[in-house]
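For reference, the structure is listed below as structure tokens.
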Amino acid sequence: MQLDSSNQPIAYWKGLIHQYASFLPVTADTPVISLHEGNTPLIKLDRFVSAIGGDFDLYLKFEGLNPTASFKDRGMTMAITKAVEKGAEVVICASTGNTSASAAAYAARANLKCVVLLPDGNIAMGKLAQALMYGAQTIAIRGNFDQALDIVRQLGETGKVEIVNSINPFRIEGQKTASFEICDQLGRAPDYHFLPVGNAGNITAYWKGYREYEQAGRVKGLPHMCGYQAAGSAPIVDGHPITAPETLATAIRIGNPASWQGALDAMQQSSGWIDKVTDEAIVEAYKLVANTEGIFVEPACAAPLAGLIASVRANRIPAGSLITATMTGHGLKDPDRAISCAAQKPDLCDANLDSVSRLIGL
Ligand code: AN7
């Protein structure tokens, strides 16, 4: 086996810090902590687009195929790498689930203590399983994400813990690489980029990434950034914090986003929009993308797809546009929701050929 200078097989993907080092705050001496995140596929959807009556090209960036099955790994490889570089011993985050899963995994790999604060009762089962398995101290608070983040901010001020929420600027640096990959994969920038908005770190990061790639001359032009919140958790759209946010898309059940201004800047500077969709529309899109394309995402990802459906109905998208949408997390994160939303339950029958044949209609 041929090895490179860091003793890794020469021909494999070494993770996004290695790939995009020249765009990131790292040096040759930075102790990179990686699970080989990034390099996720961009998948073209045809059946979904015709089902919704669209006249454009749509590609999904399937971030559920990262090591912990969400986009958070992009930011976390950077945040944990920088925490190790500065000698931190304890990392902490508040989370609706995916950040905690990712922090716990990267902290395990870096041999750091990890503490995660979760809103009790409002976290998808797969995410909780991950935090526990990766060995994080897992604290369920009787409150919501915004309250958990408030406590984490206060703990950060003691100087004894390193916060790895997206208020940590290294998280945004890592996450911006998704825009680089999209431009590299398409050979150009898309016309529109759709994504879900919760704490608003990701829309901030994507916009930063697109601008940096354009300034570096890698692509010409920039997409319109189109973010979607759930109707019961839509502080940016409604124009004020929501004290008791609600939505079945628990990943984006956030009432006071940390990167609120970043989201507004992305929307305004890109001539895009941030809008909201109902839980009913989210469920419809969640099922449609699974059964027309074989792509199983978690409910939060269906928010921008529901937004795309609404945009088609409102004639908001010019014919022939090139659209990308980020599917931020894998559907297996939230199996309870999938089973409760699926139109079909398993058909139960006796263990013999006749019974099965009758059920299939043979
Ligand atoms: C699947 O894990 O906030 O707007 O604590 O898990 O950057 O917050 C998760 C957010 C979209 C929203 N899709 O991204 C957390 C957390 C999924 C997510 C978002 C999240 P941001």
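Ligands are counted one by one from 1 in listed order, and the atoms in each one are counted from 1 as well. In what follows, every heavy atom counts, from backbone to side chain, and hydrogens, waters and symmetry copies are set aside. The first residue of the sequence shown is numbered 1, and numbering continues consecutively from there.
For atom 21 (P) of ligand 1, the candidate residues are S95, P257, S100, A200; the nearest heavy-atom contact is made by A200.
The ligand atoms of ligand 1 that sit less than 4.0 angstrom from a heavy atom of N199 are 4 (O), 8 (O), 21 (P). Counting the atoms of ligand 1 from 1 in the order shown, those under 4.0 Å from a heavy atom of E298 are 1 (C).
R218 and E214 are not joined by a salt bridge, as no carboxylate oxygen comes within less than 4.0 angstrom of a charged side-chain nitrogen. Under 4.0 Å is where a charged nitrogen must lie from a carboxylate oxygen, and between K82 and E162 no such pair does. Of the charged side-chain nitrogens involved, none lies within less than 4.0 Å of a carboxylate oxygen, so that E284 and K287 do not count as a salt-bridged pair.
For N165, no heavy-atom contact with ligand 1 is shorter than 4.0 Å.
Ligand 1 lies less than 4.0 angstrom from a heavy atom belonging to P196.
At the shortest separation from atom 13 (N) of ligand 1 among protein heavy atoms lies T328 OG1, 2.6 Å. Protein heavy atom nearest atom 5 (O) of ligand 1, with residue, atom name and distance: T96 N, 2.8 Å. Among all protein heavy atoms, the one lying closest to atom 18 (C) of ligand 1 is A251 CB, 3.5 Å. For atom 14 (O) of ligand 1, the nearest protein heavy atom (residue, atom name, distance) is F71 CZ, 3.5 Å. What sits closest to atom 19 (C) of ligand 1 on the protein, heavy atoms only, is I252 CG2, 3.6 Å. At the shortest separation from atom 7 (O) of ligand 1 among protein heavy atoms lies N202 N, 2.8 Å. Remark: minimum distance from atom 10 (C) of ligand 1 to any protein heavy atom is reached at K72 NZ, 3.2 Å. Closest protein heavy atom to atom 6 (O) of ligand 1: N98 ND2, 2.7 Å.
Within the structure, the side-chain hydrogen bond (donor to acceptor under 3.5 Å, both in side chains) test picks out the following pairs touching residues 353-362 (sequence neighbours left out): N352-S355.
By the 6.0 Å contact criterion, CG on L3 is enclosed, its count of non-hydrogen atoms from other residues, nucleotides or ligands being greater than 12. Few gaps surround NZ on K345; more than 12 heavy atoms of other groups in view lie less than 6.0 Å from it. For CD of E89, the number of neighbouring non-hydrogen atoms (other residues, nucleotides, ligands) closer than 6.0 Å is 12 at most.
Not a single ring-ring contact (aromatic ring centres under 6.0 Å, His included) links F296 to another residue, sequence neighbours left out.
Distances between N or O atoms of K127 and those of ligand 1 include no value under 3.5 Å.
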